[in-house]
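One-based numbering along the sequence shown.
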Amino acid sequence: MTWSENTPRIGVDESGKGDYFGPLVIAACFVGPEHLAALEGVRDSKTVTDLNAGKLAANIRAACPHTIITVLPPKYNELYEKIRNLNRLLEWGHAHAIADLLAKDLGPELAISDQFANPAGLRKRLAQKACEIPLVSVPRAESDLAVAAASILARAEFLRRLKQLGEEIGVSLPKGAGPPVDAAARQLVREQGREALPKVAKMHFKTTQKILGG
């Protein structure tokens with residue numbers, strides 16, 4: 001399927017799936033020709049600084065219809081225990097976000113997502129929700145403006161929630177995975193016990209075994 005910059009469409013993307021600490025955030029954004037001027041400078045969130053992500057997200061929220069789904073660690077861990085597959089969890093979240101926007105009768109001609117897994121799974125989820133919209137699932141979908149806008153919305157919300165969780169629990173929570181994350185997790189367990197980890201971390205990551213052993 002082909003589309004142009006002026007095609008009314010929904011872009012959907014996520015943030016936090018590779019971060020041990022913090023939530024999984026999935027955002028969907030509707031972009032039509034009337035939004036193009038307001039989205040000047042919007043690009044894939046991976047190429048945007050944290051500070052600029054917040055500023056761009058504010059512009060996008062003001063200009064475009066959107067929906068943001070935040071799955072905080074306790075709920076994320078509960079869902080993952082049931083689903084046991086990150087791609088299926090993403091399918092659930094992407095379908096939910098697309099369905100929320102479709103309910104607003106905006107008139108999108110298609111929805112675009114990154115090809116994180118077999119697109120058939122997401123199409124099946126949409127069909128179960130009676131969402132009749134063509135789905136394009138492609139690698140590097142963030143090159144499309146609508147997906148880039150969704151990417152920035154998701155990233156900005158992830159960063160906001162990560163900072164909030166750290167403030168609530170009293171330990172600065174780094175992004176991503178690696179030595180700084182390991183150090184923060186060890187500090188948290190040392191100061192507050194292992195039961196504190198599921199409040200702020202995705203427990204199926206290998207980091208958990210590294211920190212808790214076994």
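Of the possible polar contacts, none joining the Asp114 side chain to the Pro139 backbone as a donor-acceptor pair under 3.5 Å is found. With hydrogens and angles disregarded, no donor-acceptor distance shorter than 3.5 Å links the side chain of Asp19 to the backbone of Phe21.
Scanning both residues, Val12 and Ala97, for their nearest heavy atoms gives CG2-CB, 4.3 Å. Taking both residues in full, the closest heavy atoms of Gly41 and Leu56 are given as O-CD1, 4.0 Å, listed atom of the first, atom of the second, then distance. In terms of heavy-atom proximity, Leu135 sits nearest to Arg123 at O-NH2, 2.9 Å. The two atoms that bring Leu102 and Pro108 nearest to each other are CD2-CG, 3.7 Å, heavy atoms only. Between Cys131 and Ala99, the shortest heavy-atom distance links the atoms SG-CB, 3.6 Å. When every heavy atom of Val171 is checked against every heavy atom of Leu188, the shortest pair comes out as CG2-CD1, 4.1 Å.
Between the OG atom in Ser4 and the CZ atom in Arg9 there is a gap of 7.0 Å [rounded to 0.5 Å]. Between atom CG of residue Leu90 and atom OG of residue Ser113 there is a gap of 10.0 Å, rounded to the nearest 0.5 Å. Atom CG of Leu89 sits about 11.5 Å away from atom NZ of Lys82, to the nearest 0.5 Å. Taken from CG in Leu126 to CD1 in Ile133, the straight-line distance is 8.0 Å, to the nearest 0.5 Å. Between the CD1 atom in Ile112 and the CG atom in Asp13 there is a gap of 11.5 Å [rounded to 0.5 Å]. Between atom CZ of residue Arg125 and atom CG of residue Leu122 there is a gap of 9.5 Å, rounded to the nearest 0.5 Å.
A 6.0 Å sphere centred on CD of Glu132 holds no more than 12 heavy atoms belonging to other residues, nucleotides or ligands. The environment of NZ in Lys129 is crowded: more than 12 heavy-atom neighbours from other residues, nucleotides or ligands sit within 6.0 Å.
A search for side-chain contact (heavy atoms from CB on, under 4.5 Å) contacts involving Phe205 returns Tyr20, Lys202, Thr207, not counting sequence neighbours. With sequence neighbours left out, His35 forms a ring-ring contact (aromatic ring centres under 6.0 Å, His included) with Phe30. Partners of Glu195 by salt bridge (charged side-chain N to carboxylate O under 4.0 Å, His left out), not counting sequence neighbours: none found.
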Would Leu159 and Lys175 count as a side-chain contact (heavy atoms from CB on, under 4.5 Å) if you check the C-alpha gap in whole Å, the side-chain angles of each, and the deciding distance to 0.1 Å? CA-CA 8 Å; Leu159 292 169; Lys175 298 177 293 183; 3.5 Å; yes
Show your reasoning for whether salt bridge (Lys or Arg N to Asp or Glu O under 4.0 Å) applies to Arg88 and Glu91. CA-CA 5 Å; Arg88 287 177 58 200; Glu91 290 166 5; 5.5 Å; no
What do the steps show when you test Val31 against Asp144 for side-chain contact (heavy atoms from CB on, under 4.5 Å), and what is the final call? CA-CA 10 Å; Val31 173; Asp144 179 84; over 6 Å; no
Could you walk me through whether Val48 and Arg155 pass the side-chain contact (heavy atoms from CB on, under 4.5 Å) test, one step at a time? CA-CA 10 Å; Val48 173; Arg155 191 63 181 169; over 6 Å; no
Asn59 vs Val42, side-chain contact (heavy atoms from CB on, under 4.5 Å): CA-CA, chis, key distance, verdict: CA-CA 10 Å; Asn59 293 339; Val42 170; over 6 Å; no
What donor-acceptor contacts under 3.5 angstrom involve side-chain atoms of residues 66-80, with partners at least two apart or in another chain?
unit_1, atom_1, unit_2, atom_2, d
His66, ND1, Cys64, O, 2.9
Thr67, OG1, Asp100, OD2, 3.4
Lys75, NZ, Glu78, OE2, 3.4
Tyr76, OH, His204, NE2, 2.7
Asn77, OD1, Met203, N, 3.0
Asn77, ND2, Pro73, O, 3.0
Asn77, ND2, Pro198, O, 3.3
Asn77, ND2, Ala201, O, 3.0

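Taking the side chain as every heavy atom from C-beta outward, Thr2 and Thr7 never approach each other to under 4.5 Å.
Among residue pairs with one or both ends in residues 101-112, none qualify as salt bridge (Lys or Arg N to Asp or Glu O under 4.0 Å); sequence neighbours excluded. Listed by first and then second residue, the side chain to side chain donor-acceptor pair (under 3.5 Å) pairs involving residues 177-189 are Asp182-Lys210, Gln187-Glu191 (not counting sequence neighbours).
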